Protein chains: 4
Amino acid sequence: MTAFTDTDPQHVDPSPGRGRPRDPNLDAAILHAALEGLIEHGYDRLSMDEIAVRAQVGKGAVYRRWPSKAELVVDAIVMWRLARSPVAVPDTGSLRGDFDAALEAMPDMDEADGAMFAVLLGLLTAASRDSELTAALDANLLELARSTIRDVLERAVRRGEIEPGRDLSLVPDMMIGLNLLRIVAGQPIDREFFRRVIDDLVLPVLLGPDQTTTPSKRE
Amino acid sequence: MTAFTDTDPQHVDPSPGRGRPRDPNLDAAILHAALEGLIEHGYDRLSMDEIAVRAQVGKGAVYRRWPSKAELVVDAIVMWRLARSPVAVPDTGSLRGDFDAALEAMPDMDEADGAMFAVLLGLLTAASRDSELTAALDANLLELARSTIRDVLERAVRRGEIEPGRDLSLVPDMMIGLNLLRIVAGQPIDREFFRRVIDDLVLPVLLGPDQTTTPSKRE
Amino acid sequence: MTAFTDTDPQHVDPSPGRGRPRDPNLDAAILHAALEGLIEHGYDRLSMDEIAVRAQVGKGAVYRRWPSKAELVVDAIVMWRLARSPVAVPDTGSLRGDFDAALEAMPDMDEADGAMFAVLLGLLTAASRDSELTAALDANLLELARSTIRDVLERAVRRGEIEPGRDLSLVPDMMIGLNLLRIVAGQPIDREFFRRVIDDLVLPVLLGPDQTTTPSKRE
Amino acid sequence: MTAFTDTDPQHVDPSPGRGRPRDPNLDAAILHAALEGLIEHGYDRLSMDEIAVRAQVGKGAVYRRWPSKAELVVDAIVMWRLARSPVAVPDTGSLRGDFDAALEAMPDMDEADGAMFAVLLGLLTAASRDSELTAALDANLLELARSTIRDVLERAVRRGEIEPGRDLSLVPDMMIGLNLLRIVAGQPIDREFFRRVIDDLVLPVLLGPDQTTTPSKRE
DNA sequence: AGCTAATCGAGACGGTACGTCGAGTCTTCTC
DNA sequence: GAGAAGACTCGACGTACCGTCTCGATTAGCT
């Protein structure tokens, strides 16, 4: 189940010599069919038969590439995610500037994106029983967001805007977690919300005094 | 589909008088059977037939009360949540004291709880297409956690520990969101983690200087 | 299961003293409802719930009178049968005259009758696993027809039209069997057919020479 | 619903190139499983699930071939009937000799056959609402018996044993009808009964004087 | 009049079968 | 060999029906 960690969605091409080679167009066709179905029906109501029909492909071709519906759908979402954003935030010279730049670069959510978020959540949770799937999603989606934020923070530390000793490891997760909650509650993730997160939570944490000098009692 | 918003899990009693009334014991029996099955197998592998057999009940009795597996399971989880904790945090006289008390009152997660969280999350996702279901889960589970935290914060404001003008509306969601993320990632929610959230994020935000006096530029 | 042999469809009225007496109107209402449903849907598709609703009666009232759907339907058909024909063939003074009279007295089959025959057959066959039910149908429906024919034959024997020693026991069954076959094959039972049966089969058998003097070899 | 009239029980093979062809072994396996269950439990108590399990087949494979339980069972009975007897009666040189030969060739009814007859009858009834089904049963079962008897009669006419002008069309139906009645009444169809039918009814009709010269009055 | 008991309509109950649908595998023929 | 097509097993789904049971509300006879 190494599918998710590969940048390339398709799996090993075992013996490149003998026989008819796989049609590379089919990978994309299947992923797009999965994505469309996902947006229309959600994970549960999406059937592999429908994906195959949509992609004008036999079910064999699908299962030759992905071992299960769950994993196909994960790859479909990863593809969607990768195609969506540059992810890299430019260095503007200041922490707040970086956040402002990120906000401005943030794409407007259209309807499909909203549906996609819902689906994504669905996947995360459907995956919660399957540790490999969870790990894969974590690596591909959550880590992607985490590292983007981490980059911004590290630059600020290097600039001296943030005290060097601070443990900032929870900050990215805080931001991601808040977004997750918005998705769960069915609320939109827009610039307005993001700005409040930055102003009311992130900047106070980063720029405020270090509270760890007077920690709560430990047992 | 007003089922979820009722405190009482069973639905409308259409014409009270005519005909044999529903056996109220069955509601509980079915919910418990659903919960047991949920913990053992997870949402996908749980079958309505099994629930009926476990509860020593005909399938008709189940479908007379809940129109689908998903909605039954939602109610089962709501019941589980409600039965689990009073959630009220005692007033210790200080913000940090309240948090410490909450940490200590926090129940140890046993295996069933872990499974339950996973299931719960699974449900959130299954619900993401059904706005009523989402709303119900939100109202019953998320709001419950939110209000608990809000109480603690409001007490601190009244005591003068937190500056009165601060917008604290995001703080509860921040804490909940971080937990959600842990669940998604399959990591445990233990006291250690919670303490870090409080020390590294919550207290700095609450007790630090108000950053909103120098907000990021607004377009 | 003495239901079928009673002229009166309802069963024993055990203790005529205490308690509210059964509403005698319901017997007929239920039987008619059963009959209507039978004609509309056939035996299999007819449900006890529907009968109860049609008769504006609780299911309890039905099962208080008949122990099962099969037996209710049998009684419904017996009722229909009894209400339909005088059955007695007048003595015209000659065998052929009696048959002619029977033919003329024979009611025209309307559409409902056709459906009824089909249902009747259905019942006969549905009953074939239940010996008591079979016996009841036999006694109530087949024997009714048998005895009518037997009367005509016995009169002819007394008149001397038929040789006294002949074994005529198969003749009624022959006539009934031919009708049964018509029903099975979905063909109408009309006067034309009946006349052919009488002319081509019954009269030759009754009036022809006794073949039993030269029987086929017995092993 | 042309299934029943086909000699071959399975239905149309829609496009005989594309896709995996239906496994022809399954047709037989399912039919035999149906037959076994039919004999053991009768029509009502026979379940499609049991048939599928017995045949080691998924329910899908059953419903892909037959649209309902009733129609599967009809085909199962047709198969049973076809496999049972060559039905041809040898030419012994005389009418009575032919009948004697038929009697001797007549297989002893074992228990399964008795059950089968009952089931068969049950099917006729279930079929009585569905004219196509009725027609199919007629063609496959009744006509088979009719033609066998007709052969014997035609030979006798050719030999001159029976007057050439006689309308003998009712004779086969008379014999079949009597058997049908026996089945309905739950009585055995044995050689003794059959001999009485031949001696007391069939031979008198065939060899006696033609009564049609003095028919009953026509209106 | 009160008491007892069986009735009534209504509808919930356990159980069981129905016919459908989905996941993942296998098998045919064609390219 | 890969490709489309579609049959295969397995198992859950939600529905419908049977025959029973349980409500509150009648409706009699008996005290």
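In the text below, chain A, chain B and the rest are named by the order of the sequence lines, each starting its count at 1. Since this is a predicted model, take the numbers as computed values, not measurements. Scope of the values below: all heavy atoms of this structure, side chains included, with no hydrogens, waters or symmetry mates.
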Set of side chain to side chain contact (heavy atoms under 4.5 Å, CB included) partners for [X], sequence neighbours left out:
| X | result |
| --- | --- |
| B:A52 | B:K59, B:V62 |
| C:Q56 | none |
| D:A55 | D:A29, D:I30, D:A33, D:V57 |

Exercise. For A:K59, answer base if it contacts any base atom (sugar-phosphate contacts may also be present), sugar-phosphate if it contacts only those atoms, and nothing otherwise; contact means non-hydrogen atoms under 4.0 Å.
Key: base
Self-check item: Distance in Å, D:I39 CD1 paired with D:L46 CG, rounded so as to fall on 0.5 Å steps
Solution: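 Here the rounded value is 11.0 Å.
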Quiz prompt | Gap separating the CG atom of D:L26 from the CZ atom of D:R64, nearest 0.5 angstrom | solution = 9.5 Å
Calculate the interatomic distance between [X] atom [atom1] and [N] atom [atom2]; express it in whole Å.
| X | N | atom1 | atom2 | result |
| --- | --- | --- | --- | --- |
| D:R64 | E:dT20 | CZ | P | 12 Å |
| A:W66 | E:dA23 | CH2 | C1' | 17 Å |
| D:E71 | E:dG19 | CD | C1' | 13 Å |
| B:Y63 | E:dA12 | OH | P | 17 Å |
| D:R18 | F:dG3 | CZ | P | 14 Å |
| A:I30 | F:dA4 | CD1 | P | 8 Å |
| B:L26 | F:dT22 | CG | P | 13 Å |

Self-check item: Position toward the 5' end of DNA chain E (nearest nucleotide), D:S68 or B:A61
Solution: B:A61
Quiz item: Mapping C:G58 and D:R45 onto DNA chain E by nearest heavy atom, which one lands closer to the 5' end?
Solution: C:G58
Does [N] have OP1 or OP2 sitting under 4.0 Å from an N or O in the side chain of [X]?
| X | N | answer |
| --- | --- | --- |
| C:R22 | E:dT7 | yes |
| C:R20 | F:dG29 | no |
| D:R65 | F:dC8 | yes |
| D:K69 | E:dA17 | no |

Quiz prompt | A:D49: partners by side chain to side chain donor-acceptor pair (under 3.5 Å), with sequence neighbours left out | solution = none
Exercise. Answer yes or no: is there a side-chain heavy-atom contact under 4.5 Å between C:L72 and C:M48?
Key: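 When only atoms from C-beta onward are counted, C:M48 and C:L72 do touch, with a gap below 4.5 Å.
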Exercise. Could you list by number each residue of residues 46-57 of chain A showing a heavy-atom separation from DNA chain F of less than 4.0 Å, or answer none if no residue does?
Key: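 Under 4.0 Å from DNA chain F: A:Q56, A:V57.
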Quiz item: Closest to the C:P21 side chain: F:dA28, F:dC23, F:dC8?
Solution: F:dA28
